[in-house]
Amino acid sequence: MNVAILSPLDLSIAAVLIIVLAGLSFKLKLGLEAQILIASIRMTIQLLLIGLVLQFLFASGSVWLVILVSQVMLLAAGREVRARLKRKIRGWFGYHIGMTSMFVSSFSIALLALLVILRQDPWYEPRYAIPFLGMLLGNTMTGVALAADRLTSLFYEQREVIEQRLMLGESRSEAVSDIRRDCMRTGMIPLINSMAVTGLVSLPGMMTGQILGGTPPIEAVKYQILIMFLIGAGSGFGVVCAIYMIENHLFDERHRLVLDKLLPAG
Amino acid sequence: MKGHALSSSSHEAPRLTVESLRFDRGGPYSFSLNHGICAGLKGVSGVGKTRLLRALADIDPSTGSVVLNGRGREDYKPHEWRRLVAMIPAESRWWHPLVGDHLPLDHDPRRADELLRSCGFEPDVLRWDVTRLSTGEKQRLSLVRALIRDPQVLLLDEVGSGLDRDNTELLEALVQEYLEGNKAAAIWVSHNQDLLERVATLTLTMLADGLRLTSEKESR
């Protein structure tokens, strides 16, 4: 069983659909035609490039290349988490929070999976390592960014409540306990919900891809279950990590709220 | 005026001593308060009365020495300090669904009854939803939720402003009774001259670079 090889012509037929959509946008005065075309072209170029990189990576099998590529992915994910905050954290620490939580949510989990569960030879086998890391980063980022965004917003909006709780002699941990719980739940619930409907409403892309590639469905399903467990746990851990880091950062040593560490909403 | 120590005459060691307190561009502010003393604090709008209270409560950073019962502020844990030096803001926030949720879990119910009755509430107010509280009720209850934690210094920020005479008098009586009964001290920021004349043993006027003693009653 082999994948049907797609010819450039096959892709062009699909691309025509996008051009039709751009025409529709023009007709309906949505003003989105440029964006639709640019996004499609970007996506095509980015994927072709990553295809080349992966092909090169798989062929070389060098551990250093795997490390390099994974670091670049981690940096990009950390940057993206920061970019999704309405109230960003000033300075270098904003990136630090994103990267550390993505490290916890994805990097550590991917490493665990490679070493303990997949046990390939070598353990960093790029055909496993890079897609696993990529899926973990992509799927846990949403939860981590949601939770972090909500926390920085709530700290700002509810500063008076936090301060009045401090004035009553609550510790900083008690004073933000409700906010913290709210944000952690916000970060975790999307994944719990998506786990609950996987296989019923949605067929995950990875599993579909494997099946298209000729893997027996039951084997593909096992991989999907594994990856769902990893994503679920990883995003939970990442959310907890991000929330505690931000909370810690926005109080000083005398438990005073230091909101000027946040940039104005943008 | 700078560094001028203001204190009420008494033989006891002061409850609270503040020396060269500075925050933002203001200060240095120095004064001390004895047990049972209520100091009125006035000054033009924007001079930093609220910021002075926030600095004393250690909600905002400040430099200088603040000593409570002979121990410096830095020797207290932050939450201990704020429980002892309690600021009661002008506009109170309520974050739990019921009034009673805002009292500490381990509070003494008889003490709560006492405090509530002395500012005109029946104890069942603890089961009220916070959304039905009026401005006056919020102000009186915010005093109750602070006093039940046994603070030794009260920092009242325009508490009692904008209330009717009856509500204000209830508040004043409660604060005075508390100060006497607990040997506590208070700073009461207010624009209401009548209120300050009734409750304050001494009145301080705040300037950008220091405090001035504007009036002092004879010892009671």
Side-chain angles (χ1 to χ4, degrees), chain A residues 87 89-91 93 147-187 189 243-265, chain B residues 23-24 50-51 53-63 66 72-97 101-107 130 138-139 141-157 159:
Chain A
R87 290 188 178 276
I89 293 158
R90 217 177 266 281
F93 200 83
D149 176 47
R150 187 158 173 80
L151 188 70
T152 49
S153 301
L154 282 183
F155 261 51
Y156 187 80
E157 285 160 22
Q158 302 212 12
R159 60 193 179 283
E160 286 183 37
V161 167
I162 298 173
E163 282 178 353
Q164 293 198 9
R165 296 185 71 156
L166 293 173
M167 286 174 192
L168 287 177
E170 291 191 6
S171 70
R172 63 167 214 203
S173 176
E174 288 171 277
V176 298
S177 54
D178 297 329
I179 295 178
R180 183 199 303 131
R181 204 174 306 124
D182 176 328
C183 295
M184 288 187 181
R185 290 176 56 91
T186 302
I189 280 178
I243 294 300
Y244 275 116
M245 280 182 85
I246 299 174
E247 183 185 320
N248 210 32
H249 185 63
L250 294 180
F251 281 103
D252 69 8
E253 74 293 348
R254 293 294 292 176
H255 295 194
R256 292 180 287 236
L257 202 51
V258 218
L259 287 180
D260 47 10
K261 287 185 182 171
L262 293 180
L263 292 166
Chain B
F23 49 87
D24 295 340
T50 298
R51 281 179 295 151
L53 297 192
R54 287 172 62 92
L56 289 173
D58 212 7
I59 291 290
D60 285 340
S62 58
T63 60
V66 188
R73 171 165 67 180
E74 54 291 341
D75 296 338
Y76 292 85
K77 289 194 180 121
H79 66 275
E80 278 175 3
W81 177 264
R82 297 191 188 109
R83 192 184 64 71
L84 293 170
V85 181
M87 174 161 177
I88 296 138
E91 231 177 276
S92 62
R93 299 285 175 152
W94 298 81
W95 44 91
H96 293 306
D101 300 337
H102 295 76
L103 303 189
L105 285 175
D106 56 353
H107 74 270
V130 293
K138 277 187 191 167
Q139 286 212 334
L141 287 169
S142 72
L143 192 60
V144 171
R145 80 180 179 193
L147 295 185
I148 190 100
R149 290 168 160 92
D150 296 323
Q152 296 177 356
V153 176
L154 299 179
L155 308 170
L156 301 139
D157 189 8
V159 176

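In what follows, chains are A, B, ... by sequence order, proteins preceding strands, each numbered from 1.
Note that CD of A:E163 is 6.5 Å distant from CG of B:D60, once rounded to the nearest 0.5 Å. The CZ atom of A:R159 sits 13.5 Å away from atom CD1 of B:I59, with the distance rounded to the nearest 0.5 Å. Atom-to-atom distance recorded for A:L168:CG and B:I148:CD1 is 11.5 Å, nearest 0.5 angstrom. Taking CD of A:E160 as the start and CH2 of B:W95 as the end, the distance is 11.0 Å to the nearest 0.5 Å.
The minimum heavy-atom distance linking A:R256 with B:S62 is given by the pair NH1-N, 4.4 Å.
Both the backbone and the side chain of B:A146 have a heavy atom closer than 4.5 Å to some heavy atom of chain A. Heavy atoms of B:W81 lying under 4.5 Å from chain A belong exclusively to its side chain. Residue B:P151: no heavy atom, backbone or side chain, is found under 4.5 Å from chain A. With a 4.5 angstrom heavy-atom cutoff, A:D178 touches chain B only via side-chain atoms. Residue A:R172: no heavy atom, backbone or side chain, is found under 4.5 Å from chain B. For chain B, no part of A:Q158 is nearby; none of its heavy atoms comes within less than 4.5 Å. Heavy atoms of B:R73 lying under 4.5 Å from chain A belong to its backbone as well as its side chain.
Applying a 4.5 Å heavy-atom cutoff, the residues of residues 82-93 of chain B that approach chain A are B:R82, B:R83, B:A86, B:M87, B:P89, B:E91, B:S92, B:R93.
When A:R254, A:H255, A:E174, A:E170 are compared by the number of non-hydrogen pairs under 4.5 Å with chain B, A:R254 comes out ahead. Chosen from B:H96, B:E80, B:H102, the residue pairing most often with chain A at heavy-atom distances under 4.5 Å is B:H96.
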